[in-house]
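Order of the sequence lines sets the chain letters (A, B, ...), proteins ahead of strands, with each chain counted from 1.
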Protein chains: 2
Amino acid sequence: MNQRPQTGYDLAKAFENEIGEFWQAQHSQIYPMLKRLETAGEITHEDTIAGEKLAKKQYSLTPSGHEKLVAWVSEPSPELAATKDEFILKLYFIKSADDPRLQPMLQEQAVLHRTQLAHLKQRRQTVFPDQAAIDQAYGHYLILDHAIGREQYYVDWLNQLLEH
Amino acid sequence: MNQRPQTGYDLAKAFENEIGEFWQAQHSQIYPMLKRLETAGEITHEDTIAGEKLAKKQYSLTPSGHEKLVAWVSEPSPELAATKDEFILKLYFIKSADDPRLQPMLQEQAVLHRTQLAHLKQRRQTVFPDQAAIDQAYGHYLILDHAIGREQYYVDWLNQLLEH
DNA sequence: ACGAACATGTAACCCGTTACATGATTAA
DNA sequence: TTAATCATGTAACGGGTTACATGTTCGT
């Protein structure tokens with residue numbers, strides 16, 4: 001998306017792995033959008049063949065598209081992140097600290113977020129094994145770092161409530 | 001929503017203030033939903049008049065609705081929270097730590113999140129001034145506490161990057 | 001008298017998810 | 001050979017936002 005040509009499939013995977021913690025997009029949203037962006041003149045594609053006859057569309061930014069991307073990154077992002085956390089919503093209906101449903105709920109979430117935290121740490125280790133890897137994709141590293149810190153906070157918060 | 005009758009307006013305000021950090025719903029979504037829930041037999045309403053002629057609909061849960069709510073709270077919540085943070089998405093396109101756009105971006109977000117953190121702390125002080133207030137709405141307190149911790153982490157993370 | 005907050009609704013539109021649909025390539 | 005992954009698309013549906021629309025009450 002930045003400079004190297006990518007297929008819609010590549011983008012879908014990036015939304016799943018690289019930035020899925022903070023932004024999501026399914027391939028059913030991506031393919032029509034790529035067509036729209038091409039019509040708008042922000043991207044172009046080149047048809048390539050992998051193997052015998054598997055057709056791929058390698059998209060790349062046009063000068064106009066690149067300009068727009070650079071401008072967009074520099075623009076202010078004044079909106080605070082929108083979150084939908086069903087567990088937290090359910091907490092609203094727990095009126096007392098003694099509610100017998102509370103501890104199981106916390107435990108369930110603790111399992112979930114500990115697993116996620118371990119998974120993210122594992123990813124950091126494999127994707128950014130050394131300083132060179134970090135230097136080459138610093139923003140991506142920051143995203144993963146932020147995701148890990150955020151999960152760590154969530155786990156700590158749950159643990160502290162479980163000790164009680 | 002729990003036991004005391006509430007109007008659609010009350011609910012909209014709750015989504016704005018009490019749980020807006022983790023779940024959102026506009027009045028345009030709430031009013032039709034209240035009608036649907038009433039048709040389904042989960043809630044009923046009583047027309048009341050405030051002042052001279054301002055019509056209010058005080059909704060309350062039916063036994064069936066209350067049962068469903070209790071069951072829903074106890075159900076597992078296996079999905080991890082979905083987040084959409086445009087700033088973090090933009091970070092993805094910053095390839096180097098020396099990119100001149102990075103520091104201004106971080107500073108802008110720091111202002112945003114410091115303000116939000118101060119606002120949330122202020123709310124905790126006014127909504128939960130003593131232990132009695134916490135004991136009466138423990139879940140609500142936990143939500144606010146979690147929101148504060150989350151913002152504190154975000155601010156700390158940004159500060160640490162700004163020191164650099 | 002006026003503006004903010006209270007109070008309730010509908011309509012249009014956009015965005016995003018799930019499901020439907022198809023086919024090629026690669027590794028076990 | 002068979003399952004996982006690669007690769008691209010469309011359609012239906014639902015949820016959610018913004019905008020449209022109206023009227024009352026309360027505090028200053």
Side-chain angles (χ1 to χ4, degrees), chain A residues 1 4-40 43-60 72 77-86 89 126, chain B residues 1 4-40 42-60 72 77-86 89 123 126:
Chain A
M1 213 200 243
R4 325 160 231 318
Q6 286 186 89
T7 65
Y9 189 86
D10 292 335
L11 289 173
K13 265 181 52 188
F15 275 111
E16 226 177 76
N17 305 314
E18 259 104 282
I19 38 182
E21 290 289 316
F22 301 100
W23 207 270
Q24 300 85 37
Q26 263 62 43
H27 76 269
S28 59
Q29 201 182 350
I30 290 165
Y31 290 120
M33 178 56 81
L34 286 171
K35 289 202 169 171
R36 278 176 51 197
L37 286 171
E38 185 158 43
T39 307
I43 58 178
T44 38
H45 84 269
E46 204 179 323
D47 290 305
T48 61
I49 300 287
E52 281 295 289
K53 48 177 169 171
L54 180 58
K56 280 199 210 187
K57 295 185 179 175
Q58 300 282 353
Y59 285 93
S60 44
W72 172 75
S77 313
E79 316 82 22
L80 293 166
T83 314
K84 291 234 161 174
D85 190 326
E86 196 179 291
L89 177 59
T126 57
Chain B
M1 215 198 244
R4 324 162 230 319
Q6 286 186 88
T7 65
Y9 189 86
D10 291 336
L11 289 173
K13 265 181 55 187
F15 275 112
E16 225 177 77
N17 305 314
E18 260 103 282
I19 38 183
E21 289 290 315
F22 301 101
W23 207 269
Q24 299 86 35
Q26 264 61 43
H27 76 270
S28 60
Q29 202 181 349
I30 291 165
Y31 290 120
M33 179 56 81
L34 286 171
K35 290 202 169 170
R36 278 176 51 198
L37 286 172
E38 185 156 44
T39 305
E42 313 299 358
I43 57 177
T44 39
H45 84 269
E46 205 180 320
D47 289 307
T48 61
I49 299 288
E52 280 296 290
K53 49 178 169 172
L54 181 57
K56 279 201 212 187
K57 296 186 179 175
Q58 299 281 353
Y59 284 93
S60 45
W72 172 76
S77 314
E79 315 84 19
L80 293 166
T83 314
K84 291 235 160 173
D85 190 325
E86 195 180 292
L89 177 59
R123 266 186 57 73
T126 57

Using atom NE2 of A:His27 as one end and atom P of C:dA19 as the other, report the distance to the nearest whole Å. 12 Å
Please report, rounded to the nearest Å, how far the C1' atom of C:dG16 is from the CZ atom of A:Arg36. 13 Å
Below the 4.0 Å mark, does C:dT17 have OP1 or OP2 next to a side-chain nitrogen or oxygen of A:Gln26? yes
Rounded to whole Å, how long is the line connecting atom CE of A:Met33 with atom P of D:dT8? 17 Å
Would you indicate, yes or no, if D:dT25 has its OP1 or OP2 atom less than 4.0 angstrom from a side-chain nitrogen or oxygen of B:Lys56? no
So, OP1 or OP2 of D:dC6: does either fall under 4.0 Å of a side-chain N or O from A:Tyr9? yes
Distance check: side-chain N/O of A:Lys13 vs OP1/OP2 of D:dA7, anything under 4.0 Å? no
Nearest-angstrom distance from the residue atom OH of A:Tyr31 to P of D:dA11: 16 Å
Hey, does the side-chain of B:Thr7 have a donor or acceptor N/O within less than 3.5 Å of a partner on the base of C:dT8? no
B:Lys35 has its side chain closest, among C:dA19, C:dT10, C:dA5, to C:dT10
Here the distance between atom C1' of D:dA7 and atom CZ of A:Phe15, to the nearest Å, is 17 Å
Go through C:dT18, D:dG16, C:dT10 for me and flag the one nearest to the A:Lys84 side chain. D:dG16
What is the distance from CD of B:Gln24 to C1' of D:dT18, rounded to the nearest Å? 15 Å
In this structure, how many angstroms lie between the C1' atom of C:dA12 and the CD atom of B:Gln29, rounded? 15 Å
